[in-house]
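Heads up, the thing below is written out as structure tokens.
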Amino acid sequence: MRIRFVPDIATSIRSFSPPRRSGLSSAVSMPPKRPSNKRKVEESSGSDAINEGSSVAKRPKKNTSETPASASSESAQPTNKVLPVHISFPPKTAESTRIATWNVCGLAASQKKGFKHYVDAEDPDIIILTETKVNDVPADPSLKERFPHSYWSISDKKSYSGTAILSKFKALSVTHTLPGHPDPTSVKGRIITLEFERVYIIGTYVVNAGTDLKTLDAKKLWNTHFDTYIRELDKKKPVIWTGDLNVAPTELDLSNAKRNWNKTAGYTEAETSAFKRILEGSEDDGTANKFIDIWRKLHPALRHYTYFSYRFNCRLKGIGWRLDLFVVSQRIEEQVKMCEIRGEIYGASDHCPLVMEIEGLF
């Protein structure tokens, strides 16, 4: 169950201007234990996007061994619980396209808590919204003015899941299904694929494995068909896959990894292995094209998260999960110029937005 938090924006904290970071290391592989990470972090998940059943442990210790000394001041994410009064970001680089993804935890609720302030400040060319929970396509003139082309996938179940892609560019084609999946109803509201001249964009709100992993089989079924689907698309043109992927790929991507391993949805062998298989291809097919978890590529050792439960004071304690990702075809990874978690944008949702800039595709 989600606990809704209604902030008084007038009393919110000062604004942040997030730093840009870059890195050269490749994506961290599984299993989740990382040899270079020698300090154990005692944290708890508290994630209702995954499973909030875990108890909360001690406040995590700072881990400065994972980042250069010059970047140590950037190692901690903000802890504000409402949106900043003033929001601003550096302008996008010339000739690039800015794409954002955000799990809004209910669009109607998010709009009451400052959704528009973030979108105005970010001004993305394309934004992928997940967990919209809308029952009909919203009639919002301001969104329509900013994004002339909007594409919505709405669940048959009332106020449940929901995915949207809002764009300044018109798509050549739109797909709302996961080909081959035997239960189209369960997929509805969870995936949208837009085809553009030079790229596919897939927005997903991936199936959750559930409390006590009761829907893990449904997650496995999704992963099997999605793996096939993304590879088929990648044969035609490069792919950008984004949204709430409901998986923490490695131990760096959640608090208290040991305590959650194979017990909590989003961090099981089945889920992390399936994600790794998408990135690297299967052992049986050495010719399969590779995909890159681009934020992790640019931030190879950083412990930053996109989700902080409203419960257990998780935001203040830095207890979170990195569930919202950008995954790109390996052959376009060098065209990505920036990928950042907007860590200060919290309170309009229990997730923070993630933004990427890429050149040469639009």
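Reckoned from all heavy atoms, side chains included, excluding hydrogens, waters and symmetry mates.
- Of all non-hydrogen atoms in R98 and V355, the two that sit nearest each other are CG-CG2, 3.4 Å.
- Residues passing the salt bridge (charged side-chain N to carboxylate O under 4.0 Å, His left out) test with E333 are K297, sequence neighbours excluded.
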Worked check of side chain to side chain contact (heavy atoms under 4.5 Å, CB included) between T272 and T250: CA-CA 7 Å; T272 57; T250 76; over 6 Å; no
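- Between the side chains of S329 and D234, at least one donor N or O lies within less than 3.5 Å of an accepting N or O.
- D253 has a carboxylate O that lies under 4.0 Å from a charged side-chain N of R296, or vice versa, which qualifies the two as a salt bridge.
- Nearest heavy atom pair, residue N289 against residue R231, reads O-NH1, 2.9 Å.
- In this structure, a donor-acceptor pair under 3.5 Å is present between the side chains of E357 and T93.
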Please report the C-alpha distance between I341 and Q77 in whole Å, then the side-chain angles of each, then the deciding distance to 0.1 Å, and finally whether the side chain to side chain contact (heavy atoms under 4.5 Å, CB included) criterion is met. CA-CA 9 Å; I341 297 170; Q77 285 185 274; 3.8 Å; yes
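- Ring to ring, W261 and Y267 are close: their centroids are under 6.0 angstrom apart.
- Note that R190 lies in the cation-pi zone of Y205, set by a 6.0 Å cut-off to the ring centre and a 45° limit from the axis.
- At a cut-off of 3.5 Å, with distance as the only test, no side-chain donor of N262 or E269 sits close to an acceptor on the other residue.
- S110 places a side-chain N or O within donor-acceptor distance of the main-chain N or O of A348, the cut-off being under 3.5 Å.
- F226 has its ring centre less than 6.0 Å from the ring centre of W241.
- For the pair K317 and F312, the NZ or CZ position fails the cation-pi test of under 6.0 Å to the six-membered ring centre and within 45 degrees of the ring normal.
- Across all their heavy atoms, T264 and L213 have their closest contact at C-CD2, 3.8 Å.
- Salt-bridge check for E195 with K237: passed, with a basic side-chain N closer than 4.0 Å to an acidic carboxylate O.
- Taking 4.0 Å as the cut-off between side-chain N and carboxylate O, E271 and K219 count as a salt-bridged pair.
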Please step through side chain to side chain contact (heavy atoms under 4.5 Å, CB included) for the pair K188 and K157, ending with a clear verdict. CA-CA 9 Å; K188 194 174 181 182; K157 187 176 179 180; over 6 Å; no
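- Side-chain atoms of N313 and K81 include a donor-acceptor pair closer than 3.5 Å.
- Residues S150 and L166 share a closest heavy-atom pair of CB-CD2, 3.4 Å.
- Taking the side-chain contact (heavy atoms from CB on, under 4.5 Å) definition, one finds that S142 meets it with K116, D140, sequence neighbours left out.
- With respect to the salt-bridge test (charged N to carboxylate O, under 4.0 angstrom), the residues D350 and R311 do not qualify.
- Between Y118 and I87, the shortest heavy-atom contact is N-CD1, 4.2 Å.
- Ion pair R146/D123 flagged as a salt bridge, since at least one NZ, NE, NH1 or NH2 atom sits closer than 4.0 Å to an Asp/Glu carboxylate oxygen.
- Residues N80 and R315 have side chains that bring a donor and an acceptor to within less than 3.5 angstrom of each other.
- Across all non-hydrogen atoms, the minimal contact from P300 to L252 is O-CD1, 3.6 Å.
- Partner of D244 under the side chain to side chain donor-acceptor pair (under 3.5 Å) criterion, out of T101, N208, N103: N103 alone.
- Both the sub-6.0 Å distance and the 45° axial angle are satisfied by R342 relative to the ring of F89.
- Each ring pair (Phe, Tyr, Trp, His ring centres under 6.0 Å) pair with one or both residues in residues 137-194, not counting sequence neighbours, appears once here: F169-F362, H181-H225.
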